[in-house]
Amino acid sequence: MAEQDWLTKDFYAVLGVSKDASDSDITKAYRKLARKYHPDLNKTPEAEEKFKDISEAYDVLSNKEQRQKYDAIRSLGAGGARFSGGSGAGGFDAGQFSDIFGSMFGNSGFGGGFGTDGNGGAHTYTYSTGAGGPNLSDILGGMFGGGAGRGAGFGAAQETRKGADRNAHISLTFRQAVEGATVSLSAGGQSFKTRIPAGVRDGQKIRIPGKGEPGIGGGANGDLYIAVTVKPDPSGVFTAEGRNLHMRLPVTAAEAVLGGTVEARDFDGQTFKIKVPQGAGNGKKLRVRGHGIDDGRETGDLIVELDVQLPQELSADQRKALKAFDKASAAFNAEVAQSRERGADERGGMR
């Protein structure tokens with residue numbers, strides 16, 4: 001946001017803090033509002049604009065020099081600047097006015113200015129209007145939208161255009177994507193940190209308002225779009241789909257056939273118990289509620305897919321028992337054989 005727009009923006013009100021709020025109070029208020037209105041978490045129509053206003057307010061108030069300059073400029077706009085010998089109630093400190101122009105225009109080329117004597121009284125200098133220095137109206141015109149010779153703060157309208165968007169890319173571990181992460185980014189020569197929400201998906205793009213190219217003629221900054229790559233779970237056990245986590249759970253043949261309660265651990269290492277129904281086949285999916293991804297609004301579920309494990313080598317006793325089981329399952333075996341034949345007939349009819 002351009003400084004000439006500061007007169008119309010009450011950043012303290014945007015963040016809901018007082019004008020004497022500490023740096024920690026400002027940061028705390030920003031984080032609370034950012035979580036509430038981030039476009040990836042809040043899909044209401046007004047959330048995007050609200051989040052943009054919150055980010056603009058924080059960018060200024062979290063920077064000591066910018067905040068001092070903002071407070072001074074807001075004082076200028078509160079019914080007009082009043083110059084007095086000191087900074088008493090209702091008046092504007094002339095030294096502060098000098099600091100504004102010194103910081104914004106480099107303390108050079110004015111041929112004069114406002115200042116204070118050693119006893120707190122106000123010195124008044126005369127700004128040069130000749131070839132040796134700029135006219136005060138030109139300075140104020142440039143500061144508040146006017147042009148040369150148009151008077152302090154008044155002038156013809158300038159073309160206003162939003163800045164161009166920027167693009168960036170980040171790579172996250174599977175755990176960072178599930179839990180959310182704070183990452184460091186760089187755009188336009190400036191480094192900053194941003195919060196990636198929990199549950200971000202591979203290939204998703206995240207928009208960060210106001211971190212693109214600067215606007216033209218006081219227009220809003222462009223936005224930054226971050227393309228996200230999520231690495232697979234290194235254990236190979238878990239995958240994600242929306243707010244739900246999926247895991248493959250190894251079970252024995254007896255557990256699958258006879259059924260029973262199986263104990264396992266979720267993504268956070270918490271123990272849970274799940275009931276395997278009798279006769280559950282390989283790939284059977286079961287749901288454990290509330291053990292998925294918590295994105296701040298809702299917690300997903302854990303979808304457990306049974307992975308029936310069979311021994312690769314059998315002992316003599318196992319072979320004997322398996323043959324006995326097979327013999328006792330003659331009727332079931334016949335049904336399976338008929339099912340295979342029906343499948344073959346159907347596939348033959350489709351040729």
Side-chain angles (χ1 to χ4, degrees), residues 15-16 24 26-55 57-59 62 165-187 191-212 223-249 264-272 274 285-305:
L15 295 181
S24 61
I26 289 171
T27 300
K28 187 183 299 182
Y30 166 73
R31 289 176 176 173
K32 180 179 179 181
L33 293 170
R35 176 179 289 272
K36 181 178 180 181
Y37 290 104
H38 196 289
D40 289 329
L41 301 178
N42 189 331
K43 303 301 183 181
T44 58
E46 66 274 11
E48 181 175 327
E49 190 64 29
K50 184 72 174 177
F51 183 75
K52 177 181 174 182
D53 291 342
I54 294 167
S55 299
Y58 180 70
D59 286 344
S62 63
D165 295 331
R166 289 190 176 113
N167 293 284
H169 174 269
I170 58 171
S171 179
L172 301 177
T173 65
F174 187 77
R175 181 167 292 278
Q176 286 176 321
V178 169
E179 297 178 348
T182 299
V183 298
S184 297
L185 299 171
S186 179
S191 297
F192 62 95
K193 293 184 177 181
T194 191
R195 180 70 182 172
I196 303 298
V200 64
R201 302 180 303 278
D202 183 55
Q204 182 176 347
K205 279 195 172 183
I206 298 176
R207 173 178 169 270
I208 302 181
K211 292 299 183 180
D223 302 326
L224 175 64
Y225 287 87
I226 305 174
V228 179
T229 297
V230 179
K231 299 177 181 177
D233 172 34
S235 71
V237 174
F238 295 92
T239 57
E241 184 179 344
R243 294 189 183 95
N244 294 333
L245 284 173
H246 292 245
M247 71 173 289
R248 290 186 64 82
L249 179 65
R265 292 182 182 273
D266 65 10
F267 184 73
D268 292 327
Q270 298 181 14
T271 300
F272 67 92
I274 187 168
K285 292 183 179 180
L286 307 171
R287 184 182 296 269
V288 183
R289 298 194 178 277
H291 284 254
I293 298 173
D294 180 3
D295 63 4
R297 294 177 296 169
E298 189 176 341
T299 302
D301 301 329
L302 177 62
I303 309 300
V304 177
E305 182 176 342

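If you're wondering where the values come from, they're calculated on a predicted model, not measured in any experiment. Heads up: numbering here begins at 1 and tracks the sequence.
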Atom pair CZ (Arg35) and CG (Asn42), whose distance is rounded to the nearest 0.5 Å: 13.0 Å

Would you mind reporting whether Pro234 and Thr173 have side-chain heavy atoms less than 4.5 Å apart? no

Closest contact, heavy atoms only, His169 versus Thr229: NE2-OG1, 2.8 Å

Taking every heavy atom of Lys231 against every heavy atom of Phe174, the minimum-distance pair comes out as O-CB, 3.4 Å

Ignoring hydrogens, what is the shortest heavy-atom contact between Phe238 and Arg265? Give both atom names and the distance. CZ-O, 4.2 Å

Is it the case that more than 12 heavy atoms not belonging to Lys193 sit under 6.0 Å from its NZ atom? no

So, does Arg243 use its side chain to make a donor-acceptor pair with the main chain of Asp295 at under 3.5 Å? no

Mark yes or no for whether Asp301, through its side chain, and Asn244, through its backbone, hold a donor-acceptor pair below 3.5 Å. no

Strictly below 4.0 Å, N to O, side chains only: are Arg175 and Glu179 in salt-bridge contact? yes

Among Ile274, Ile303, Leu245, Leu249, find the one that has a side-chain contact (heavy atoms from CB on, under 4.5 Å) with Val288. Ile274

With heavy-atom distances below 4.5 Å as the criterion, would you say the side chains of Lys211 and Asp59 are in contact? yes

Using only atom types and a distance under 3.5 Å, with no angle test, would you say the side chain of Asp223 pairs donor to acceptor with the backbone of Gly210? yes

With rounding to the nearest 0.5 angstrom, report the CZ to NZ distance, Arg297 to Lys43. 6.5 Å

To the nearest 0.5 Å, what is the distance between CZ on Arg207 and CG on Asp165? 8.0 Å

Over all heavy atoms of both residues, which pair between Val230 and Asp202 is shortest? Give the atoms and the distance, please. N-OD1, 2.8 Å

Count the heavy atoms belonging to other residues, nucleotides or ligands that lie under 6.0 Å from CZ of Arg201, then report whether that count exceeds 12. no

Mind listing the closest non-hydrogen atom pair of Ala168 and Leu224 along with its distance? CB-CD1, 4.1 Å

If you measure from CZ on Phe192 to OG on Ser62, what distance do you get to the nearest 0.5 Å? 12.5 Å

Rounded to the nearest 0.5 Å, what separates atom OH in Tyr58 from atom OG1 in Thr27? 3.5 Å

Supply the atom-to-atom distance Thr194 OG1 to Leu185 CG, rounded to the nearest 0.5 angstrom. 6.5 Å

I'd like to know whether CD of Glu241 has more than 12 heavy-atom contacts from other residues, nucleotides or ligands below 6.0 angstrom. no

Shortest non-hydrogen pair, Ile293 vs Val178, comes out as CG2-O, 3.5 Å

